Amino acid sequence: MNHSLLKQNKISRMNRANIFMDGKWINENKLTECLECLIEPYDKICIEGNNQKQALMLSEALSKVNIEKINNLHVLQSTVLFPTHMLIFENGVANKIDFSYASIYGTRFAELVQEGKLTINGMHTFLELYSRYFIDLTPRVCLISAEKADLEGNIYTGANTEETPTIIEATAFKDGIVIVEAKEIVKKLPRIDIPSDWVDALVLNRNPSPIKALFTRDPAKISNTKILMAMMVIKGIYGKYGVNRLNHGVGYSTCAIELLLPTYAESLGLKGKICEYMVVNPLPTLIPAIEAGFVKQIVSPGGEVGMNEYVKSRPDIFFTGRDGSLRSNRCYAQMAGLYAIDLFAGATLQIDIYGNSTTITAERMPGFGGAPNFGSNANARRHCSESWLLAGRENKKHINQIPQGKKLVLQIVETFQPSGISSFVETLDAFEIQKKMQLPLAPIMIYGEDVTHIVTEEGIANLLLCQTAYEREQAIRCVAGFTPVGLKRDKMLIDELREKRIVTYPEDLGILKESATQDLLAAKSIQDLVKMSNGLYEPPAKFLKKF
């Protein structure tokens with residue numbers, strides 16, 4: 001039996017493509033023709049789709065291949081962010097996908113499924129998808145983006161390494177084909193992130209990279225309601241449990257928490273007791289907390305526009321290379337989020353009366369990204385922390401006599417979305433979508449059994465302390481405000497739930513609602529963040545007000 005079929009097939013493909021290449025470098029004007037030699041029908045093809053870097057030139061060329069030659073491709077892509085990615089399916093080049101996050105294109109995916117043009121093989125978390133690259137979804141070809149490359153094909157990924165090493169490792173060591181688009185060719189790289197013998201082909205991409213400030217939030221836009229919720233989180237959860245290792249999701253609520261650390265949290269005597277170790281992109285709203293000595297260390301899944309010089313100047317805080325640039329790694333950061341943190345604080349679009357939450361609604365189907373990894377309780381965890389143990393002791397659903405800890409999982413959400421739609425529902429849209437798309441599982445982001453606290457402008461529901469399903473349901477209704485779900489609360493039970501500390505309102509924490517104002521924020525504008533960074537933070541122009 002021949003055990004080298006993959007290797008022989010790779011040699012055959014590379015030989016076909018040689019006519020369009022000079023060594024490892026592809027002729028830019030013949031990129032599509034070269035891909036038609038390197039790719040074969042029914043291939044599993046992994047397209048790098050990070051938050052901050054995309055293999056867009058290669059994706060565009062792939063969308064233009066002759067479908068008589070290349071068809072029925074199975075795309076593996078963590079994040080789908082650009083129209084070019086959709087053309088690959090709309091043009092008939094690929095008809096199957098495994099993904100994690102589809103941004104605004106989730107709805108279009110659903111339409112293509114209904115039209116019979118696409119099969120969604122799986123909607124994964126990041127770690128799930130990366131893991132399957134080494135099991136049953138190993139890429140035959142991968143399309144990668146890099147900042148720089150030298151003539152030999154060594155590549156430098158810069159501040160946004162993200163998932164590059166994971167994809168290339170799975171492909172290169174299974175005799176797959178690694179194709180890289182590089183923004184620049186240099187004689188000597190700042191550092192070698194991927195060695196040349198892992199790379200099969202490269203092409204120069206002369207187009208500017210459309211990197212967006214995905215995680216930046218303007219402090220001036222943080223409402224008093226968000227500040228009130230942040231105060232409750234800091235005093236009622238972070239302070240109570242001594243949360244010192246955590247992840248913040250993206251949004252104004254968590255940015256409000258970050259901007260209250262040097263002010264409100266410090267006034268509570270919490271410096272040195274909370275928020276010292278974080279898994280998070282280098283958010284500008286963390287600058288005041290870093291400068292105040294609150295945050296000791298940050299591991300980042302990726303970079304953020306404008307933060308490169310600040311990160312370079314704070315190597316004690318961030319993981320950086322000898323060249324000073326951020327070394328991000330989405331896979332490692334997700335593992336840290338699954339196993340090494342004690343709390344995840346995120347937002348959602350819908351929460352049902354059981355505490356299940358999701359960003360999948362009737363209007364949009366973006367996927368989940370890493371939230372289910374960050375927001376799940378890792379039963380394989382064996383190391384302890386006081387925060388983790390305290391949550392475990394409070395967990396009334398724990399029936400095993402052996403003591404166990406539990407990760408704190410917060411869903412921080414206003415009772416109504418900005419659109420006016422209720423954030424709380426009796427039944428998630430996800431169950432209707434499951435039927436419509438004939439999915440084996442409803443697309444739920446975080447299961448209710450993992451959610452420990454729900455925080456709204458009304459108060460905090462501590463689901464750990466609930467001893468019955470009815471108590472749990474009523475705790476959720478008690479913080480759901482004037483939504484249809486909230487109006488069905490059992491008013492006779494409210495005092496009992498408050499006495500048990502299952503439901504905690506601002507006044508129960510000694511927090512005056514009128515004190516929740518922007519005066520508490522350590523920075524009140526993007527300009528304040530620039531000043532606090534000593535000019536090292538360089539925000540995109542759209543965030544700077546014109547005078």
Side-chain angles (χ1 to χ4, degrees), residues 223-237 240 251 253 345-362 375 391 394-397 408-432 442 444-514 516:
S223 67
N224 290 351
T225 301
K226 300 290 188 190
I227 294 169
L228 175 63
M229 292 193 294
M231 292 171 72
M232 288 191 284
V233 169
I234 289 171
K235 190 170 186 180
I237 300 176
K240 172 187 172 180
S253 295
T348 190
L349 294 179
Q350 280 191 348
I351 302 176
D352 68 14
I353 57 174
Y354 307 104
N356 300 305
S357 66
T358 189
T359 52
I360 304 293
T361 67
E394 281 193 351
N395 186 16
K396 300 302 182 184
K397 291 193 303 179
L408 295 163
V409 176
L410 280 56
Q411 291 290 266
I412 309 173
V413 62
E414 291 187 47
T415 53
F416 287 92
Q417 296 290 325
S419 62
I421 297 174
S422 172
S423 301
F424 290 86
V425 295
E426 299 287 338
T427 304
L428 298 176
D429 290 356
F431 293 103
E432 187 60 35
I444 294 171
M445 182 174 68
I446 299 178
Y447 290 113
E449 63 195 47
D450 285 323
V451 177
T452 64
H453 295 77
I454 296 174
V455 182
T456 71
E457 71 273 22
E458 297 288 321
I460 301 172
N462 184 340
L463 304 184
L464 287 170
L465 297 174
C466 298
Q467 293 184 298
T468 67
Y470 185 71
E471 246 183 8
R472 183 183 180 88
E473 176 188 331
Q474 288 303 313
I476 294 171
R477 292 188 189 276
C478 281
V479 298
F482 293 98
T483 65
V485 168
L487 292 174
K488 290 183 180 180
R489 68 176 68 92
D490 185 344
K491 295 179 181 178
M492 302 294 291
L493 196 60
I494 294 176
D495 289 341
E496 181 182 334
L497 294 178
R498 290 176 74 178
E499 185 176 343
K500 291 180 178 179
R501 308 297 279 185
I502 291 173
V503 173
T504 306
Y505 293 134
E507 56 266 32
D508 299 328
L509 293 168
I511 296 174
L512 299 175
K513 291 184 179 180
E514 55 268 28

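Bear in mind that the values here come from a model prediction, so they are computed numbers and not experimental data. Below, each value reflects all heavy atoms present in this structure, side chains not excepted, and no hydrogens, waters or symmetry copies.
Contact detail for G375 and I446: the closest heavy-atom pair is O-CG2, 3.4 Å. Residues D429 and I360 come closest through the heavy atom pair CB-O, 4.3 Å. Taking all atoms of both residues into account, the shortest heavy-atom contact from L497 to C478 is CD1-SG, 4.0 Å. In terms of heavy-atom proximity, I454 sits nearest to I351 at CD1-CG2, 3.9 Å. Across L428 and S357, no two heavy atoms sit closer than the pair CD1-N, 4.5 Å. Contact between A475 and I502 at its shortest, heavy atoms only, is CB-CG2, 3.6 Å.
Interatomic distance, L408 CG to H453 NE2, rounded to the nearest 0.5 Å: 6.0 Å. Considering CD of Q411 and CG of N356, their distance stands at 10.5 Å, rounded to 0.5 Å. Between the OH atom in Y505 and the CD1 atom in I511 there is a gap of 14.5 Å [rounded to 0.5 Å]. The distance from the CD atom of E473 to the CD atom of E426 is 7.0 Å, given to the nearest 0.5 Å. Note that the NZ atom of K240 and the CG atom of L509 stand 10.0 Å from one another [nearest 0.5 Å]. Atom OG of residue S422 and atom CG of residue L349 lie 11.5 Å apart, to the nearest 0.5 angstrom.
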Open item on the list: Evaluate L463 against I476 for side-chain contact (heavy atoms from CB on, under 4.5 Å), listing each step before the verdict.
Closed with: CA-CA 8 Å; L463 304 184; I476 294 171; 3.9 Å; yes
- [ ] With side-chain contact (heavy atoms from CB on, under 4.5 Å) as the test, would you mind laying out the steps for V455 and I237 before giving the verdict?
- [x] CA-CA 10 Å; V455 182; I237 300 176; 3.9 Å; yes
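Here the side chain of R489 pairs no donor or acceptor atom with the backbone of Q474 at under 3.5 angstrom. Between the side chain of T348 and the backbone N or O of T358, at least one donor-acceptor pair lies under 3.5 Å. Here the side chain of D352 pairs no donor or acceptor atom with the backbone of T427 at under 3.5 angstrom. S423 places a side-chain N or O within donor-acceptor distance of the main-chain N or O of E414, the cut-off being under 3.5 Å.
For the residue pair T415/E457, the side-chain donor-acceptor check at 3.5 Å is satisfied.
Within the 4.5 Å cutoff, no side-chain heavy atoms of I353 are placed close to those of F424. Between M232 and T504 there is no side-chain heavy-atom pair separated by less than 4.5 Å.
Salt bridge status for E471 with K500: present, with a side-chain N to carboxylate O gap under 4.0 Å. The pair E507-R498 meets the salt-bridge criterion, since a charged nitrogen lies less than 4.0 angstrom from a carboxylate oxygen.
By the 6.0 Å contact criterion, CZ on F416 is enclosed, its count of non-hydrogen atoms from other residues, nucleotides or ligands being greater than 12.
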